[in-house]
Amino acid sequence: MLDFIIGKYNYWIYILLMMIGFYAMIGKKNLMKKIIGMNIFQTATILYYVSIAYKKGATLPILSHADAHGMQSAIDAANYINPLPHVLMLTAIVVMVATLGVAVAILIMIYRKYNTLEEDEILEAEK
Amino acid sequence: MIDQIPVLVIIIPLLCSVITPLLGLIRKNLCYPWVIFALAASTLCSLMLLFNVMDTGVIHYHLGNWNPPVGIEYVIDHLNAMVLVMIAATALCVAIYSRKSVEQELPGKSVFFYTVFLLQVTGMLGIVITGDMFNLYVFLEVASIAGYALIAAGEGKAPLASFRYIIMGTVGASFYLLAVGYLYIKTGSLNMADLSRILPHVIESKTIIIALAMFMIGTAIKMGLFPFHAWLPDAYTEAPTTVSSLMAPLFTKVASYVMIRLVITVFYPSIFSEIFPVTEIMTWIVFAGILYAGVMALAQTDIKRMFTYLIVAEIGYIMIGICSANKVGLTGSILHIFNDILMMACLFTALGAIYYKTGTRDVYKLTFLHRKMPITLAVFLVGALSVMGVPPFCGFFSKWYLILGAIEADKFQLVIVLLISSLISAVLFFRIIENAYIEPREEGDHHDDHDHGHVEPKAIIDMDEAPVSMLIPMVAIAVSIILFGVFSGSIVENIIDKVLPQALFLL
């Protein structure tokens, strides 16, 4: 049981982060805190992707001393980290930044309109 | 050149959207013809793709000449060729329609509006054309982020509605991304065709079932399916007219397309009934969702808000076919995607024209409208009759297939709820039609029969029709609703039957 928790601690942290993000998005009244929660949620996804690519004792997928004649072209894949999930996450980070940018811009619009970022005060003003 | 058409469908609106702000620096009113040019070119390319696919079969396009599963692949079969044409053509119609409405609602912002408008169409076309799971995620977010920005441009509560949409939409997209990750660790592939080859061997695994569950949640949020629909009514009601005319017909339907693509291409339909009894749960959720949407729609007096609940119900209809998980039901779902794009485009553009002229969307303030705007109301009537499911219009045929599919799958509660919902939409639309067409009786009409001398007040009301740039696309959409109804048999035969081979259901 302990092994199940400690051995896969990165996955547990990913789930924990995701739940923190969810809590902030649902439970917090301040809209900025909701955005922070959203960001934590997305970051949890990135942690998940990074950990599925990781192998113990493996290194970066860069051939440091491959010779020019291609003699060492037979590579043992077990020695290298899977680069693909990491590359996917570069794109996901870009998406994350774009979402954050649009969200914050809309937050500015909301602040100019209602002069507050507290959800209950905004709903009060809407009535 | 002819080989490169699949990528041109995406590249043309993408590049044109980048160029739009530069054109706006020179002259602001260049943007409108530029957008129409871009979308017309994209429509032309997608039409050529459709004819190519119908002649020669499925087209595979390898981006940058990297072979799949390493590279990104665009796959165009009969289904997505048709959806591409529908998206590009509807977007073109809405772009032509947008001119006056944007001038009225977004004065001075037209340059940025058209930039984001093209970007959103790019995203939606990309979702449909791609054959790669991760690429689909990227396009999904391009379309969504453009959508958030467009909705926030509206008045009133629009920024708040858009903010809620951002939170919900991001959760949906993250679930989709996680599902892709779960599929990747089990299969080692991101290519849809590759996945469908590998998945049957590992389908019993818990990882795949979790991936499927996350897909369902992620896509359901994006398509506004019942328990996840909370963002939809606010966002589409507060958005500017043009934006809701673009997003309401297209975006939810594109997300439904993703759902159907996953069901028929990546997974196979019978997984739902055999390995993971998701349809049992989904059936009752859809049942509750359609009823809820119908009741909520009845409670509204703002017509646009009423229609947004109608979208929630229509998404429920599409899910009926997926819950049935048989050939007839899925035929109905796919046909309903095509039809619903047209019906919603018709209703939202007609409503937008009424709002443009009268400045109101209240059901009870439409009196004498048939004298002021006869053509707009006729277009509206075509859309309304189609949503109700009156035979010559296209809505009837997809509902017919959906009912047959539900009966075949022994899910009679879905048949009942579909019929109830059709009746509810009849009530809804007759309330609008009654207020718009039937003139109120004059006060004291009954006791002065002998007094013929006074001037009838209705003679004062002149025709005040929407501008031509609005009427042409509206009439085009209304005509295509009738054409899609009349030719629905050949659409099913030439397009839907090709993507739903019988073998799909025998596994």
Contact part of A:Leu123 toward chain B, heavy-atom cut-off under 4.5 Å: side chain, backbone, both or neither?
side chain
Contact class of A:Met96 relative to chain B, heavy atoms under 4.5 angstrom
neither
Which bit of B:Tyr184 is near chain A, if near means a heavy-atom gap under 4.5 Å: side chain, backbone, both or neither?
side chain
First locate atom CG of B:Leu160, then atom CD of A:Glu119, and finally report the distance between them rounded to the nearest 0.5 Å.
7.0 Å
Check: B:Leu106 main-chain N/O paired with B:Ser110 side-chain donor or acceptor under 3.5 Å:
no
Could you grab the distance from atom CG of A:Leu17 to atom CH2 of A:Trp12, nearest 0.5 Å is fine?
14.0 Å
Contacting region of B:Tyr165 [heavy-atom separation from chain A under 4.5 Å]:
neither
Atom group of A:Tyr14 that falls short of 4.5 Å from chain B, counting heavy atoms:
side chain
Which residue out of B:Ser144, B:Gly156, B:Ala158, B:Gly169 racks up the most heavy-atom pairs below 4.5 Å with chain A?
B:Gly156
Between B:Val171 and chain A, which part of the residue has a heavy atom less than 4.5 Å away: side chain, backbone, both or neither?
both
Select one option (side chain, backbone, both, neither) describing which atoms of A:Leu31 are under 4.5 Å from chain B's heavy atoms.
both
Please determine, among A:Val102, A:Ile106, A:Ile52, A:Val94, the option with the most heavy-atom pairs under 4.5 Å with chain B.
A:Ile106
Measure centre to centre between the rings of B:Trp231 and B:Phe163, then say whether the value is under 6.0 Å.
no
Taking it one step at a time, do B:Asp234 and B:Arg305 satisfy salt bridge (Lys or Arg N to Asp or Glu O under 4.0 Å)?
CA-CA 8 Å; B:Asp234 271 347; B:Arg305 207 172 170 80; 3.1 Å; yes
Which of the residues A:Thr45, A:Leu107, A:Asn82 is involved in the greatest number of heavy-atom pairs with chain B at under 4.5 angstrom?
A:Thr45
Can you confirm whether B:Val180 sits close enough to A:Tyr49 that some side-chain heavy atom of one is under 4.5 Å from a side-chain heavy atom of the other?
yes
For a 4.5 angstrom cut-off between non-hydrogen side-chain atoms, does B:Thr237 reach B:Arg361?
yes
Partner chain B: residue of A:Ile122, A:Leu88, A:Thr91 with the largest heavy-atom pair count (under 4.5 Å):
A:Leu88
Minimum heavy-atom separation for B:Ala149 and B:Val116, please, with both atom names.
CB-CG1, 4.3 Å
